[in-house]
There are 2 protein chains.
Amino acid sequence: MTRTRLTAAERGEQLVAAAVKAFAVSGYTGTSTDDVARLAGVSQPYVIRLFGGKQRLFIAAVEHAAARIEQVFRDAAERSPDLDSLGQAYDELLAERDLLTLLLHGFAASADPTIGGAVRECFGRIYRLVRELTGADAEEARDFLASGMLLTVLASMQVLGPGAVPPEPWMAELAGSIHKSCAEPEPGG
Amino acid sequence: MTRTRLTAAERGEQLVAAAVKAFAVSGYTGTSTDDVARLAGVSQPYVIRLFGGKQRLFIAAVEHAAARIEQVFRDAAERSPDLDSLGQAYDELLAERDLLTLLLHGFAASADPTIGGAVRECFGRIYRLVRELTGADAEEARDFLASGMLLTVLASMQVLGPGAVPPEPWMAELAGSIHKSCAEPEPGG
DNA sequence: TTGACATGTTATCAGTCGATAACTACCTTG
DNA sequence: CAAGGTAGTTATCGACTGATAACATGTCAA
């Protein structure tokens, strides 16, 4: 029989994973701690006790998402330490839409000082990591992050990524011009 | 004596303006219809009756913000129909942070099908307008929107715009490299 | 003036939410 | 086995929210 009780650390990780999924759908205020609790199969008061409050759970989820992106970037840079490599890695992150949408909810929720502080720190860390891994200058890093933000927004709007909405012409145009710079050989060549 | 009663249309406009401000701070679920009502100086049930529900009020606010951006772009294109001109206009929109943050909340809330549909329509309309006004190709328009999304996120995070947080090094770097392409002469030259 | 419509309010409700308190069950260590 | 810490639950609460209903007030045309 499987273990019936987990350590607090294990349960915490499980809850953060559930929080990423739940908060990505409905945002900070729109998601109840009970939503997260049920997704992880525990009771709602236990979530509160483990994290000390809803806000801390949300911030933990945002930081988890940011850490995941950092990890993906590090892996990509290990293969090839340039912006193209990281860009390709970010494209693959579109498959994990929850991460990106959660971050977007975090950005939008920055009016709350505590959340804003945490979110800015995550963003700054990613910016510095991109420059450090690729040696890009400020302008190059800025363009890279700009593309990333557009992809993040499009993914959250379900214009890109798995389970995307039926494409309108403008969506196809936008998606088609993505990573033109990555120089895929023309189809049928 | 000033009129004590407004027409429904006038009150509606007033409420949409209040909704933009209120929803920008706390998002769709985090803002109560009573918040909006008090900001506009009317009772909460009246807001519901005028708009039919909270969701319709939110969508009206998002569409208002998008329409404002379209208007700013049209004005800019009338002066000079190129992307630099529109980019400069968008920079000035940073002063109206509410608009951009509200849109960001809208993007993030796209998991709701009704809101998602409205938000995607606004985004598509802006994309088409940019191409139409400037004659930009898909790739140019994409880069323009990407920069816009980064600016929107930075403004929402209070990294840019009025009342921004005390700048960290990475913020100064990101802000400093913005619109390098707009070719300001080097300082002290 | 009067009546009818449009503008707006107060009262109220059923549902939801985050958080606390108190209790229970499990597991390890001596 | 006993005991104490760890993991987890149920019960409950006060506050808040969106929406409805009923009522009140201002405005304009005939």
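Here is the naming used below: chain letters follow the sequence lines, and residue numbers restart at 1 for every chain. All of these numbers come straight from a predicted model, not from anything done at the bench.
Between the C1' atom of C:dA19 and the CZ atom of A:Phe58 lies a distance of 19 Å, rounded to the nearest Å. In this structure, CZ of A:Arg38 is placed 15 Å from C1' of D:dT9, rounded to the nearest angstrom. One can place CG of A:Asp34 at 11 Å from P of D:dT9, the figure rounded to the nearest angstrom. Between A:Leu50 atom CG and D:dT6 atom P the separation is 13 Å, expressed in whole Å. Rounded to a whole Å, the OH atom of B:Tyr46 is 12 Å from the C1' atom of D:dG26. Look at CD1 on B:Ile48: it is 17 Å from C1' on C:dT7, rounded to the nearest Å.
If you check distances only, the side chain of B:Arg11 never reaches the base of C:dT7 with a donor-acceptor pair under 3.5 Å. In the interface, the side chain of A:Arg5 is not paired with the base of D:dG8 through any donor and acceptor atom under 3.5 Å apart.
Under 4.0 Å is where a charged nitrogen must lie from a carboxylate oxygen, and between B:Asp34 and B:Arg38 at least one such pair does. Salt-bridge formation is not detected for the pair B:Glu168/A:Arg120: no Lys NZ or Arg NE/NH1/NH2 atom is positioned less than 4.0 Å from an Asp or Glu carboxylate oxygen.
Within the 4.5 Å cutoff, the side chain of A:Leu129 has heavy atoms near those of the A:Arg74 side chain.
Two residues, A:Gln44 and B:Arg49, neighbour DNA chain C, and the one matched to the more 5' nucleotide by heavy-atom proximity is B:Arg49. Judged by closest nucleotide on DNA chain C, B:Ala9 is the one of B:Ala9 and A:Thr31 placed further toward the 5' end.
Residue A:Ser43 is in base contact, counting any heavy-atom pair closer than 4.0 Å across all strands shown.
A:Phe107 and B:Phe107 have their aromatic ring centers separated by at least 6.0 angstrom.
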